[in-house]
Asks: 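My questions will all concern the structure given below.
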Amino acid sequence: MKATIKRTVFILTIVLSIGFLQSCKNKDPSIVKVYVRSASNQLVEGAKVIIIGDVDSNPATNSYVDTVITNGSGFASFNVAPYYDAATKDQTVAYFDIIAKTNTKITEGYIRSRVNTTAVETVYLPL
């Protein structure tokens, strides 16, 4: 009887420990999503989108550069979790310059990102 109770308590402790460890993990991603539209408001597939950390922003953003090509839905999705993983704990906001390019056109934008959220911005290519 005592062995059964000890075994039950032991198994229950292990299960609860695993549950607590899993609940501490952050499940919300840090994403920057950039839509690229033409001058006629059509989503542009295959545009090259670059985000660059704005080191002159207030609060300061660490240097960071990433490049993604827009998908069939006309947006580029950047996982900026590595940026926040490398940043200090008090750096929960980052500012990025956006550059979007196609074969003949280029445009710029700006976006503010927060840790564990999805930030969305739309940039328009000129005529």
Side-chain angles (χ1 to χ4, degrees):
M1 181 75 176
K2 287 183 180 181
T4 304
I5 292 173
K6 285 182 180 181
R7 186 176 298 149
T8 303
V9 170
F10 179 72
I11 292 172
L12 185 60
T13 303
I14 290 175
V15 169
L16 288 174
S17 298
I18 292 172
F20 284 128
L21 290 175
Q22 292 298 320
S23 68
C24 294
K25 287 185 179 178
N26 182 8
K27 296 177 179 95
D28 294 328
S30 299
I31 303 290
V32 169
K33 189 182 282 190
V34 178
Y35 286 90
V36 178
R37 291 187 174 269
S38 67
S40 60
N41 209 28
Q42 299 296 314
L43 290 167
V44 178
E45 179 182 354
K48 183 178 190 179
V49 181
I50 305 165
I51 60 169
I52 303 166
D54 183 4
V55 295
D56 295 327
S57 65
N58 186 13
T61 299
N62 298 337
S63 60
Y64 183 82
V65 178
D66 198 1
T67 304
V68 173
I69 304 297
T70 56
N71 61 16
S73 299
F75 70 86
S77 183
F78 298 88
N79 178 8
V80 291
Y83 169 83
Y84 288 110
D85 292 343
T88 61
K89 293 289 183 191
D90 61 334
Q91 289 178 312
T92 60
V93 176
Y95 296 90
F96 298 99
D97 292 314
I98 302 168
I99 300 172
K101 299 178 182 181
T102 61
N103 292 336
T104 59
K105 299 175 182 165
I106 188 169
T107 190
E108 297 178 356
Y110 197 70
I111 191 166
R112 176 180 159 231
S113 168
R114 294 185 67 93
V115 67
N116 303 330
T117 62
T118 299
V120 179
E121 182 64 36
T122 302
V123 294
Y124 293 88
L125 294 168
L127 288 173

Asks: Is there a chain of hydrophobic side chains (I, L, V, M, F, W, Y, each step under 4.5 Å between heavy atoms) that links Tyr110 to Val32?
Replies: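 No, because Tyr110 and Val32 fall into different hydrophobic clusters, even though each may have its own neighbours under 4.5 Å.
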Asks: Grab the two heavy atoms, one from Tyr64 and one from Asn79, that are nearest each other, plus how far apart they are.
Replies: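 Looking at all heavy atoms of both residues, the shortest contact is OH-O, 3.7 Å.
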Asks: Between atom CD1 of Ile111 and atom NZ of Lys33, what is the distance when rounded to the nearest 0.5 Å?
Replies: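 Ile111 CD1 to Lys33 NZ: 11.0 Å, rounded to 0.5 Å.
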Asks: Can you find a heavy atom in the side chain of Asp66 that is under 4.5 Å from one in the side chain of Ile50?
Replies: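 No; the side chains remain at least 4.5 Å from each other.
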Asks: Count I, L, V, M, F, W, Y as connected when their side-chain heavy atoms are under 4.5 Å apart, and connections chain through other members. Are Ile99 and Val44 then in the same cluster?
Replies: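 No: no chain of side-chain contacts under 4.5 Å links Ile99 to Val44.
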Asks: Work out which heavy atom in Ser77 is nearest to a heavy atom in Ile31; give both atom names and the distance.
Replies: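 Taking Ser77 first and Ile31 second, the nearest heavy atoms are OG-CG2, 3.5 Å.
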Asks: I need the minimum non-hydrogen distance between Tyr124 and Ser38, along with the two atoms involved.
Replies: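 In this case the closest contact between Tyr124 and Ser38 is CD2-O, 3.9 Å.
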Asks: Run the side chain to side chain donor-acceptor pair (under 3.5 Å) test against Tyr35 and tell me which residues pass, sequence neighbours left out.
Replies: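 By the side chain to side chain donor-acceptor pair (under 3.5 Å) rule, Tyr35 matches no residue at all.
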Asks: Should Tyr95 and Pro59 count as side-chain neighbours, where that means a heavy-atom distance under 4.5 Å?
Replies: yes
Asks: Measure from the side-chain N and O atoms of Ser30 to the backbone N and O of Asn116, and report whether any donor-acceptor pair falls under 3.5 Å.
Replies: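 Side chain of Ser30 to backbone of Asn116: a pair is present.
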Asks: Regarding Tyr84 and Ser113, do their side chains bring together a donor and an acceptor under 3.5 Å, going by distance alone?
Replies: yes
Asks: Begin from the C-alpha positions of Leu125 and Arg37 and carry the test side chain to side chain contact (heavy atoms under 4.5 Å, CB included) through to its verdict.
Replies: CA-CA 6 Å; Leu125 294 168; Arg37 291 187 174 269; over 6 Å; no
Asks: How about Val36 and Leu43: do any of their side-chain heavy atoms sit closer than 4.5 Å?
Replies: no
Asks: Hey, what do you get for CD1 (Ile69) to CD (Glu45), rounding to the nearest 0.5 Å?
Replies: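 Those atoms lie 11.0 Å apart.
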Asks: Heavy atoms, side chains only, cut-off 4.5 Å: are Thr61 and Val55 in contact?
Replies: no
Asks: Tell me whether the count of non-hydrogen atoms from other residues, nucleotides or ligands lying under 6.0 Å of CG in Asp90 goes above 12.
Replies: yes
Asks: Start with the C-alpha gap between Tyr83 and Phe78, add the side-chain angles, then the distance that decides, and say whether ring-ring contact (aromatic ring centres under 6.0 Å, His included) holds.
Replies: CA-CA 11 Å; Tyr83 169 83; Phe78 298 88; over 10 Å; no
Asks: Start with the C-alpha gap between Val123 and Val34, add the side-chain angles, then the distance that decides, and say whether side chain to side chain contact (heavy atoms under 4.5 Å, CB included) holds.
Replies: CA-CA 7 Å; Val123 294; Val34 178; 4.1 Å; yes
Asks: Output the distance between atom CZ (Arg112) and atom OG1 (Thr117), rounded to the nearest 0.5 Å.
Replies: 8.5 Å
Asks: What are the two closest non-hydrogen atoms of Pro126 and Ala39, and how far apart are they?
Replies: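 Looks like C-CB, 4.1 Å.
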Asks: Decide yes or no for Asp54 and Ile52: does some side-chain heavy atom of the first lie under 4.5 Å from some side-chain heavy atom of the second?
Replies: no
Asks: Can you check whether Ala47's main-chain N or O pairs, donor with acceptor, with Thr70's side chain at less than 3.5 Å?
Replies: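 Yes; judged by distance alone, with no hydrogens or angles, the pair exists.
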Asks: Under 4.5 Å between any side-chain heavy atoms of Ile98 and Glu121, yes or no?
Replies: yes
Asks: To the nearest 0.5 Å, what is the distance between CG (Asn62) and OG1 (Thr88)?
Replies: 7.0 Å
